[in-house]
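First the structure, in the form of structure tokens, and then the observations on it.
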Amino acid sequence: MLARTRLNVAIGVIVAGALGVMPVLAETTATEPLAEVNGDTIAAAEVARGLGTRLSTLEEQIYALKRQELESLIAQRLLAQEAARRGISVAALLDAEVTAKVGLVTEQEIETVYQANKARVRGDETVVRENIRASLQQQKLAVGRERFVGSLRSQSNVVVRLQPPPVVRVAVSTDGAPIRGAAAAPVTLVEFSDFHCPFCNRAQATLKQVLEHYPGKVRLVYRDFPLDRLHPQASQAAEAARCANDQGKFWEYHDVLYTNAPRGASEDLHRYAEQVGLDVPKFDQCVSTGAHRAGVQRDMEEGSRLGVTGTPAFFVNGRPLQGAQPLDTFVRVIEEELRGR
């Protein structure tokens with residue numbers, strides 16, 4: 001029992017330290033030895049530093065999975081109760097309230113999807129179009145089911161007692177970093193990113209939606225985390241963007257880099273500078289001399305200290321979010337921040 005207690009205390013210390021939050025108990029036990037190597041002690045605080053924000057990210061992922069499953073069970077329960085009230089099966093209920101009321105997919109809808117993806121599709125066109133029809137019809141049914149469940153929920157007393165993990169914040173520097181959005185916005189969204197990372201590229205559309213959805217309320221701060229082992233030209237792209245920032249055109253250059261990624265050879269970077277209207281000789285000198293190499297490295301070191309291991313990685317008012325998150329995840333966290341959670 002004593003050993004288990006000590007283990008629980010140690011885990012508490014690691015979690016608290018990794019999340020940047022040190023309660024009283026953690027403060028008094030951070031130096032507690034967890035191991036010794038020939039008399040050289042490894043303390044709990046050292047383990048915590050090594051874990052960074054990974055534990056908090058895992059807690060968020062576990063919560064998201066639980067919430068997703070809980071929402072599914074709530075929907076099933078609402079449907080079962082409504083079917084019982086009407087004296088019919090759930091299948092018959094869905095047929096009456098969803099299937100019968102959802103319109104069929106039109107030929108124009110199929111044509112729109114087919115033309116948008118024509119260059120990537122393979123196989124017989126007739127088969128492809130029928131697959132598109134089936135997919136679109138399933139999407140319509142899913143939306144109809146969600147709408148019906150929502151109407152049942154609005155008329156029911158649904159109490160959700162699943163608690164989210166504690167809000168965790170880490171101190172993330174924004175000094176000197178490019179900012180998009182209102183400088184005095186109450187929510188700061190810091191992005192650690194790699195211009196040649198496909199997942200980072202995918203996230204740009206979502207970030208644009210976030211800024212459009214929260215004008216004056218969210219500011220986006222860009223930090224560099226180029227993964228050279230995967231993207232050999234990413235560091236040079238990051239340096240080039242900083243050279244563009246010297247001339248007040250970071251975001252214009254940022255957008256062109258992502259649009260053309262992963263093309264990032266020297267001649268490409270030069271062409272992008274011309275495209276956004278930079279003083280090209282000045283830009284070329286900045287890039288060739290590695291004027292911002294140390295700055296990119298400092299961002300990398302800061303990201304590693306914060307537990308960033310891949311890109312994109314985000315911090316919303318210091319709350320970590322790992323990966324190319326969907327819009328609703330950003331909305332949930334931002335809304336919590338705006339409510340002062």
Side-chain angles (χ1 to χ4, degrees), residues 11-27 30 44-64 67 163-194 199-200 203-204 206-207 209-211 213-225 295-296 298-341:
I11 291 174
V13 171
I14 293 170
V15 171
L19 305 183
V21 179
M22 296 298 289
V24 174
L25 178 60
E27 288 178 355
E46 293 180 73
V47 177
R49 283 195 297 272
L51 288 171
T53 59
R54 282 175 287 173
L55 286 179
S56 65
T57 300
L58 286 174
E59 287 187 348
E60 286 283 352
Q61 291 171 345
I62 291 169
Y63 170 73
R67 186 61 191 253
Q163 295 299 313
V167 173
V168 173
R169 302 183 195 280
V170 294
V172 186
S173 174
T174 60
D175 293 344
I179 295 175
R180 177 176 260 174
V187 176
T188 298
L189 172 54
V190 180
E191 172 191 10
F192 281 86
S193 199
D194 174 332
F199 300 103
C200 300
Q204 298 312 303
T206 303
L207 294 173
Q209 289 178 286
V210 168
L211 292 175
H213 191 70
Y214 294 101
K217 295 181 180 179
V218 176
R219 64 173 187 158
L220 173 64
V221 180
Y222 192 92
R223 302 289 303 273
D224 289 303
F225 203 84
V296 172
R298 282 194 296 273
D299 272 14
M300 290 284 292
E301 291 170 358
E302 169 79 354
S304 296
R305 183 186 67 78
L306 294 170
V308 175
T309 57
T311 55
F314 304 96
F315 294 86
V316 183
N317 280 356
R319 297 171 60 176
L321 288 176
Q322 183 68 41
Q325 298 288 339
L327 179 63
D328 58 357
T329 299
F330 285 109
V331 168
R332 174 179 63 81
V333 177
I334 290 169
E335 289 292 339
E336 289 174 356
E337 291 301 303
L338 292 174
R339 290 196 301 268
R341 180 186 170 198

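None of the values given here were measured: they were computed from a predicted structure.
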List in chain and number order the residues that pass side chain to side chain contact (heavy atoms under 4.5 Å, CB included) with Asn317, two or more places apart in sequence or in another chain; answer none if no residue qualifies. Arg169, Val187, Thr188, Glu337
For Glu302, the side chain to side chain contact (heavy atoms under 4.5 Å, CB included) test, sequence neighbours excluded, returns Ser173, Phe192, Arg223, Arg305, Leu306
Of all heavy-atom pairs between [X] and [Y], which one has the smallest distance, and what is that distance?
X: Gly318; Y: Val172; answer: CA-CG2, 4.5 Å
X: Arg219; Y: Ala182; answer: CB-O, 3.3 Å
X: Ala203; Y: Ala324; answer: CB-CB, 4.3 Å
X: Pro164; Y: Tyr63; answer: CA-CE1, 3.4 Å

Tell me whether Gln325 contacts the main-chain N or O of Leu321 through its side chain, where contact means a donor paired with an acceptor under 3.5 Å. no
Quick one: does Gln322's side chain have a donor or acceptor within less than 3.5 Å of a partner on Gly310's backbone? yes
Could you grab the distance from atom [atom1] of [X] to atom [atom2] of [Y], nearest 0.5 Å is fine?
X: Glu191; Y: Phe314; atom1: CD; atom2: CZ; answer: 5.0 Å
X: Asp224; Y: Asp194; atom1: CG; atom2: CG; answer: 9.0 Å
X: Leu220; Y: Leu207; atom1: CG; atom2: CG; answer: 5.5 Å
X: Thr174; Y: Leu189; atom1: OG1; atom2: CG; answer: 12.0 Å
X: Gln163; Y: Arg67; atom1: CD; atom2: CZ; answer: 10.0 Å

Report yes if the side chains of Phe199 and Thr311 come closer than 4.5 Å at any heavy-atom pair, otherwise no. no
Are any non-hydrogen side-chain atoms of Tyr214 and Leu338 less than 4.5 angstrom apart? yes
Are Gln209 and Gln204 close enough that a side-chain donor and a side-chain acceptor fall under 3.5 Å? no
Take atom CZ in Arg180; do more than 12 heavy atoms of anything else shown fall under 6.0 Å from it? yes
Before giving the answer on side-chain contact (heavy atoms from CB on, under 4.5 Å), spell out for Phe225 and Ser193 the whole-Å C-alpha distance, their side-chain angles and the decisive distance to 0.1 Å. CA-CA 5 Å; Phe225 203 84; Ser193 199; over 6 Å; no
